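Contents: one structure, followed by commentary.
These numbers come from a predicted model, not from an experiment.
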Amino acid sequence: MSTIWKSDATHSEITFKVRHMMISNVKGEFKEFDAEIVSEGDNFTQAKVKAVIKTDSIFTNNKDRDNHLRSADFFNAETYPEITFEGTSFEKLDEDNYKLHGDLSINGVTKNIALDVDFGGVGQDPYGNTKAGFTMSGKINRTEFGLNWNQALEAGGLLVSEEVKINAEVQFVKQ
């Protein structure tokens with residue numbers, strides 16, 4: 001029998017880091033997203049995973065940068081209001097680790113990516129809800145998704161790295 005797990009927004013986050021000026025990382029997050037897992041009970045082997053992220057919910061703690069990221073130079077949030085991920089396989093590597101493969105769609109471009117997943121376990125909160133926790137991480141090349149804007153630096157190199165590190169801490173509630 002299938003079990004549906006829905007993300008708990010108050011205990012979850014999706015963040016990213018990108019190198020800036022080749023000397024430091026800038027961190028950002030998406031404030032609005034929904035994720036769902038369909039599993040066989042508490043067995044997540046081969047579970048179906050889906051996520052929808054609201055593109056305009058991007059937050060980097062700088063209003064001008066956030067507006068630039070929402071523009072056609074990057075996420076084109078007006079034309080592409082959602083980033084989606086649909087898992088194609090959820091492979092158990094050992095007791096606590098999985099490899100999640102899936103199709104990530106940004107700016108109308110879909111690419112298969114792989115995420116490392118650390119399973120935190122299943123537990124019951126003080127209100128009787130059964131929850132499961134996962135940490136997911138991976139890397140993408142932003143230019144593969146049409147996020148091409150950049151500037152050359154006088155000393156060589158580029159202002160914004162093409163590599164983006166993705167991290168998600170997601171707690172799911174059993175429905």
Side-chain angles (χ1 to χ4, degrees), residues 3-20 24-39 42 44 47-71 74-77 80-88 90-91 93 96-107 110-127 129-142 144-145 147 160-175:
T3 301
I4 297 172
W5 302 79
K6 299 231 181 227
S7 57
D8 175 356
T10 59
H11 297 103
S12 301
E13 66 179 13
I14 295 176
T15 61
F16 60 89
K17 286 184 182 177
V18 64
R19 298 284 285 169
H20 183 254
S24 66
N25 288 310
V26 171
K27 181 181 174 185
E29 68 180 297
F30 290 95
K31 297 257 188 195
E32 295 177 38
F33 63 91
D34 289 305
E36 179 180 278
I37 296 175
V38 179
S39 67
D42 294 352
F44 296 100
K48 302 294 180 206
V49 180
K50 291 182 181 182
V52 176
I53 301 164
K54 299 293 183 188
T55 310
D56 66 358
S57 74
I58 196 164
F59 176 78
T60 64
N61 204 29
N62 180 289
K63 186 179 178 182
D64 291 338
R65 179 174 48 223
D66 293 348
N67 287 334
H68 189 205
L69 289 168
R70 290 181 189 108
S71 78
F74 287 97
F75 288 103
N76 201 0
Y80 300 104
E82 295 177 342
I83 296 167
T84 61
F85 177 84
E86 186 158 346
T88 55
F90 197 55
E91 169 190 8
L93 304 176
D96 298 325
N97 296 287
Y98 292 79
K99 182 69 82 170
L100 175 58
H101 294 268
D103 295 325
L104 178 65
S105 297
I106 302 173
N107 272 354
T110 302
K111 298 278 184 189
N112 192 270
I113 66 166
L115 299 171
D116 295 318
V117 180
D118 177 34
F119 176 50
V122 174
Q124 198 159 2
D125 72 11
Y127 309 103
N129 299 304
T130 301
K131 296 193 171 186
F134 297 88
T135 299
M136 292 159 262
S137 61
K139 298 176 186 176
I140 63 167
N141 181 323
R142 66 185 180 87
E144 292 179 359
F145 296 92
L147 305 174
V160 183
S161 173
E162 291 181 0
E163 180 182 271
V164 179
K165 295 176 184 173
I166 301 167
N167 189 63
E169 300 284 344
V170 186
Q171 203 173 98
F172 289 88
V173 181
K174 190 177 197 175
Q175 301 299 295

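Scanning all heavy atoms of the two residues, the minimum distance from Glu32 to Ser57 falls at N-OG, 3.0 Å. Residues Val170 and Ser12 come closest through the heavy atom pair CA-OG, 3.5 Å. When every heavy atom of Gly87 is checked against every heavy atom of Leu100, the shortest pair comes out as CA-CD1, 4.3 Å. Contact detail for Ser105 and Thr110: the closest heavy-atom pair is OG-OG1, 2.5 Å. Scanning all heavy atoms of the two residues, the minimum distance from Leu104 to Ile106 falls at CD2-CD1, 3.8 Å. The two residues Glu163 and Val18 have their closest heavy-atom pair at O-CG2, 3.5 Å.
Side-chain contact check for Val173 versus Lys6: every heavy-atom pair is 4.5 Å or farther apart. Considering only heavy atoms from C-beta on, Lys111 stays 4.5 Å or farther from Ile140 through its side chain. Under the 4.5 Å side-chain criterion, counting only non-hydrogen atoms from C-beta, Val117 is not in contact with Asn97. At a threshold of 4.5 Å between non-hydrogen side-chain atoms, the residues Gln175 and Thr3 do not count as touching. A heavy-atom distance below 4.5 Å is not found between the side chains of Phe119 and Thr135. Counting heavy atoms from C-beta outward, Asn25 and Lys27 have side chains that stay 4.5 Å or more apart. In this structure the side chain of Lys139 never reaches within 4.5 angstrom of the side chain of Val164, judged on heavy atoms. Using a 4.5 Å heavy-atom threshold, the side chains of His11 and Lys131 count as touching.
The CD1 atom of Ile4 lies 14.0 Å from the NZ atom of Lys48; values are rounded to the nearest 0.5 Å. Interatomic distance, OG1 of Thr15 versus CD of Glu169, reported as 7.5 Å (0.5 Å rounding). Here the CG atom belonging to Asn167 is positioned 11.5 Å from the CD atom belonging to Glu29, to the nearest 0.5 angstrom. Atom-to-atom distance recorded for Lys17:NZ and Ile166:CD1 is 13.5 Å, nearest 0.5 angstrom. For the atom pair Glu86 CD and Asp103 CG, the distance stands at 7.0 Å (nearest 0.5 Å). Put simply, CZ on Phe30 and NZ on Lys54 are 13.0 Å apart, with the number rounded to the nearest 0.5 Å.
Checking Phe172, Tyr98, Phe134 one by one against Phe44, the ring-ring contact (aromatic ring centres under 6.0 Å, His included) holds for a single residue, Phe134.
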Walk me through it: do Val52 and Glu82 pass the test side-chain contact (heavy atoms from CB on, under 4.5 Å)?
CA-CA 6 Å; Val52 176; Glu82 295 177 342; 3.5 Å; yes
Would you check, one step at a time, whether the test side-chain contact (heavy atoms from CB on, under 4.5 Å) holds for Ile83 with Phe33?
CA-CA 9 Å; Ile83 296 167; Phe33 63 91; over 6 Å; no
Kindly determine whether His101 and Asn112 satisfy side-chain contact (heavy atoms from CB on, under 4.5 Å), including the steps that lead there.
CA-CA 7 Å; His101 294 268; Asn112 192 270; 4.2 Å; yes
If you apply the rule side-chain contact (heavy atoms from CB on, under 4.5 Å), what do you find for Asp116 with Lys99, and how did you get there?
CA-CA 5 Å; Asp116 295 318; Lys99 182 69 82 170; 2.5 Å; yes
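Between Asn107 and Asn76, the side chains place no donor N or O within less than 3.5 Å of an acceptor N or O (distance only, hydrogens not considered). Checking Asp8 against Thr10 by side-chain atom types alone, a donor-acceptor pair falls below 3.5 Å. For Asp66 and Thr60, the side-chain atoms include at least one donor-acceptor pair closer than 3.5 Å.
Ring centroids of Phe75 and Phe145 are separated by 6.0 Å or more, keeping the two rings apart.
Checked for salt-bridge contact, Arg70 and Asp56 miss the test: no charged N lies under 4.0 Å from a carboxylate O. Under 4.0 Å is where a charged nitrogen must lie from a carboxylate oxygen, and between Glu144 and Arg142 no such pair does.
The backbone N or O of Tyr80 lies less than 3.5 Å from a partner atom in the side chain of Thr55, making a donor-acceptor pair.
Residue Lys165 places its NZ atom among 12 or fewer non-hydrogen atoms of other residues, nucleotides or ligands, all under 6.0 Å distant.
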